[in-house]
2 protein chains.
Amino acid sequence: MPTLAEVAEKAGVSIATVSKVLSNTPYFTEETRRKVMSAVEELGYLPNLAARALSSGKTHLIGVVFPYVYEGIFTDPLVQYILEGIEAECNARGYNILLSTPRLSADGPDENYRRLLQSSYLDGIVALDNVPLSSVLSPALRKNTPAVAIGYGDHPNYVRSDDLQGSTALMEHITGLGHRRIGILTVDESLHYSIQMRHLGLDQVAEEAGLNYVHLPKYDRGDFSIASGMRGAAALLEQYDDLTALVCINDRMALGAIQQVQKMGLKVPDDITIVGYDDILSSQLFSPALTTIDQRAPELGHQAAQMLFALLNNENPDSVVIPTQLRVRESSAPPKVSRQ
Amino acid sequence: MPTLAEVAEKAGVSIATVSKVLSNTPYFTEETRRKVMSAVEELGYLPNLAARALSSGKTHLIGVVFPYVYEGIFTDPLVQYILEGIEAECNARGYNILLSTPRLSADGPDENYRRLLQSSYLDGIVALDNVPLSSVLSPALRKNTPAVAIGYGDHPNYVRSDDLQGSTALMEHITGLGHRRIGILTVDESLHYSIQMRHLGLDQVAEEAGLNYVHLPKYDRGDFSIASGMRGAAALLEQYDDLTALVCINDRMALGAIQQVQKMGLKVPDDITIVGYDDILSSQLFSPALTTIDQRAPELGHQAAQMLFALLNNENPDSVVIPTQLRVRESSAPPKVSRQ
DNA sequence: GTATAATAGTTAAACGCTTAACTACTATTT
DNA sequence: AAATAGTAGTTAAGCGTTTAACTATTATAC
């Protein structure tokens with residue numbers, strides 16, 4: 001690979017001149033610029049990024065961090081859309097993405113990840129930060145690497161989906177339809193801040209409707225999977241056969257729940273209303289189409305990346321909370337018999 | 001950030017000693033090793049990767065390249081699963097992933113990508129290489145960067161899904177059920193080698209069944225999307241109302257086709273058989289569940305990454321072709337009236 | 001006609017690491 | 001006793017950039 005030195009020799013100037021011409025420093029004659037550029041052209045010179053990184057401290061590399069807390073992280077629709085949004089921004093600005101998926105434990109992210117952060121390899125970081133277990137951003141903060149959190153992690157710059165507003169809208173839709181015998185299918189909330197927020201929304205609306213959230217039938221041993229949605233629906237309906245609605249913490253569990261209740265001979269929404277959260281592709285295709293919350297995940301990625309570039313630009317961007325959108329489809333309807 | 005020099009000073013040895021102890025070079029006393037390690041510990045030393053890269057030429061960075069040929073690349077299930085497989089391998093070996101999504105045009109991938117390749121930033125590359133338009137790997141080959149292609153691109157080291165075998169199995173399933181009036185929903189094959197292979201398989205089986213593939217009703221202006229599947233099914237059935245089966249080049253188009261024919265008052269599979277290719281999540285959930293081909297995409301990623309690490313190890317791995325699996329579900333059945 | 005400013009380019013240090021080449025001492029072989 | 005091999009560590013060059021500090025020339029001001 002040609003180096004600056006070779007270009008300089010060919011152009012008959014010094015190394016520094018080549019470097020400066022390439023970075024558009026003023027005070028060079030057109031003649032010199034031309035000589036340099038044609039030498040660059042002829043040799044096909046491209047800068048060695050490692051050398052540039054070492055010398056300038058800038059790598060043009062953005063770390064995109066998705067903590068690996070469960071299997072199949074890249075099949076998580078949230079992750080997909082966020083990645084999509086970040087990629088678009090980075091590509092437009094000539095930055096590359098370093099994808100990191102640290103394993104998390106109670107004493108923090110794994111060694112490989114910590115090494116990466118300290119390595120001076122990353123100009124900035126966008127991290128999904130929703131796990132109370134441990135933050136992937138605190139090491140970055142310590143090193144003063146510009147970083148944006150997506151989620152509820154404790155970080156000055158963040159982008160969040162408004163889970164409280166989303167779950168509130170979802171639950172209001174359910175209570176508004178007249179449901180009072182409501183089951184909740186969810187996961188252990190200690191795993192996820194955003195799940196905690198969703199629970200909070202459900203709780204508040206339930207209380208407003210005169211229901212005691214704590215005493216609502218609940219299955220909270222789900223793991224986001226379709227299978228766990230099936231298990232949860234089976235468990236709940238066995239114990240409480242008068243439920244008229246199941247509120248699920250995500251779409252996959254809702255789709256599992258629908259399949260399960262159909263298997264049990266119930267019709268959705270005629271016999272029972274089922275709603276989810278996320279608005280994944282399958283939810284629109286499924287029959288009945290699922291009533292759910294669209295959290296506009298691509299926007300999360302976009303805004304996070306924009307915020308990061310603002311930080312790199314020494315600006316002072318405001319954190320963002322992105323509102324969600326209720327998608328009412330076929331899986332929700334008023335209860336057959338109101339038990340108001 | 002602490003450097004080798006600071007560690008060396010603290011440990012009372014030379015920089016070289018620290019470097020060598022850390023890389024497990026032989027010939028040091030336990031005493032020296034201990035002194036070095038405790039200094040490293042105390043200072044929290046972590047190597048500067050840029051410096052290491054410049055000096056040694058090794059970055060521990062693997063480029064994962066997905067050419068951006070259509071919107072929503074990360075929502076492509078193939079991409080997701082491949083990424084998942086690669087990530088698992090890389091993480092296990094302490095390598096990081098640099099995700100690159102070059103824009104492709106007839107005169108090759110974009111400048112940003114070429115710069116990346118030449119930058120000495122990547123120890124190796126795994127690239128999705130299925131686009132005849134231009135190869136993302138030829139620049140890598142020129143620079144002698146170890147690389148593995150996933151797909152049919154012209155590259156010595158590759159991992160492929162056996163599209164020929166898959167499409168053959170799919171078409172044999174259809175003809176075996178007795179279908180003869182078969183419509184094809186597909187995309188422009190000049191865009192994708194793997195699509196060409198799938199067409200070839202359909203062609204061969206059609207001929208064996210005494211059908212002339214070229215004259216089979218065809219809609220080839222699809223773009224993989226659900227919407228284009230709907231359009232295609234509508235167009236085809238309007239012109240040929242006696243079709244008993246629709247073979248779709250991917251699942252999303254198949255799901256669109258099913259929705260369209262249902263909207264037209266037809267039942268699947270009673271009135272018409274519809275099959276897809278990919279086995280995405282929605283295909284199992286959809287009602288009727290879709291008969292399709294599982295190309296075992298996670299395996300593609302796994303094998304590709306393993307092959308790359310073998311190359312980095314100076315081994316001489318064999319290229320791999322991964323067989324697919326036919327998943328017979330509810331959307332296919334014998335034709336109502338055989339027109340044999 | 002100087003002093004000052006603007007223009008045009010060079011020199012050389014620095015970034016933090018790896019590693020070949022070297023020194024120095026001890027143990028073993030012949 | 002000399003030669004060889006093994007052990008333990010150091011010195012210093014080199015990787016390819018960036019950039020502060022410097023030199024040299026030309027234009028402008030007073």
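For an aromatic pair to be called close, the ring centres must be under 6.0 Å apart, and Y68(A) with Y113(A) fails this. For F309(B) and Y95(B), the ring centers sit closer than 6.0 Å to each other.
Residue K58(A) contributes atom NZ, which lies 19 Å from atom P of dT17(D) at whole-angstrom precision. With rounding to whole Å, K35(B) atom NZ is found 13 Å from dA8(D) atom P. N48(B) places its CG atom 13 Å from the C1' atom of dA14(C), with the value rounded to the nearest Å. Rounded to whole Å, the distance from CZ on R115(A) to C1' on dC17(C) is 14 Å. A straight line from CG of L43(B) to P of dG16(C) spans 14 Å, rounded to a whole angstrom. Whole-Å rounding puts the M1(A) CE to dC15(D) P distance at 16 Å. In this structure, Y121(A) places its OH atom 13 Å from C1' of dG16(C), rounding to the nearest Å. Counting to the nearest Å, the P atom of dT7(C) and the CD atom of E31(A) are 19 Å from each other.
A salt bridge links E89(A) with R93(A): at least one charged nitrogen is closer than 4.0 Å to a carboxylate oxygen.
P47(B) comes within contact range of the sugar-phosphate backbone alone, with a heavy-atom separation under 4.0 Å but no base atom that close. As judged by a 4.0 angstrom heavy-atom cut-off over every strand, T17(B) is placed among the base-contacting residues. Contact annotation for S14(A): base contact, defined as any heavy-atom pair under 4.0 Å involving a base atom. Within the 4.0 angstrom heavy-atom criterion, no nucleotide atom of any strand lies near S120(B).
For I15(A), the listed nucleotide lying nearest its side chain is dT18(D); candidates were dT18(D), dG16(D), dT18(C). Considering only side-chain atoms of A51(B), the nucleotide from dG9(D), dG16(C), dT17(D) that sits closest is dG16(C). Distance from the side chain of K20(B) is smallest to dA21(C) among dG16(C), dA21(C), dT18(C). With distances taken from any side-chain atom of T29(A) to the nucleotides dA12(C), dG16(D), dG9(C), the minimum falls on dG9(C). Set against dT19(C), dT18(D), dC15(C), the side chain of L4(A) has dT18(D) as its closest nucleotide.
When each of F28(B) and S23(A) is assigned the nucleotide of DNA chain D with its nearest heavy atom, F28(B) is the one assigned upstream, toward the 5' end.
Side-chain N/O atoms of S19(A) include none lying less than 4.0 angstrom from OP1 or OP2 on dT19(D). At dA8(D), none of the side-chain N or O atoms of Y27(B) fall inside 4.0 Å of OP1 or OP2 (strictly under the cut-off). At the phosphate of dA8(C), neither OP1 nor OP2 sits under 4.0 Å from any side-chain N or O atom of T32(A). Taking side-chain N and O atoms only, R52(B) has no distance below 4.0 Å to OP1 or OP2 of dG16(C). Y45(A) has a side-chain polar atom (N or O) that falls below the 4.0 Å cut-off from OP1 or OP2 of dT17(D).
When every heavy atom of R160(A) is checked against every heavy atom of L300(A), the shortest pair comes out as C-CD2, 3.7 Å.
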After noting the C-alpha distance and the side-chain angles of H192(A) and F224(A), does the key distance pass the ring-ring contact (aromatic ring centres under 6.0 Å, His included) rule? CA-CA 12 Å; H192(A) 260 273; F224(A) 298 112; 5.7 Å; yes
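Of the possible donor and acceptor atoms, none in the side chain of D123(B) sits under 3.5 Å from a partner among the backbone N and O of I62(B).
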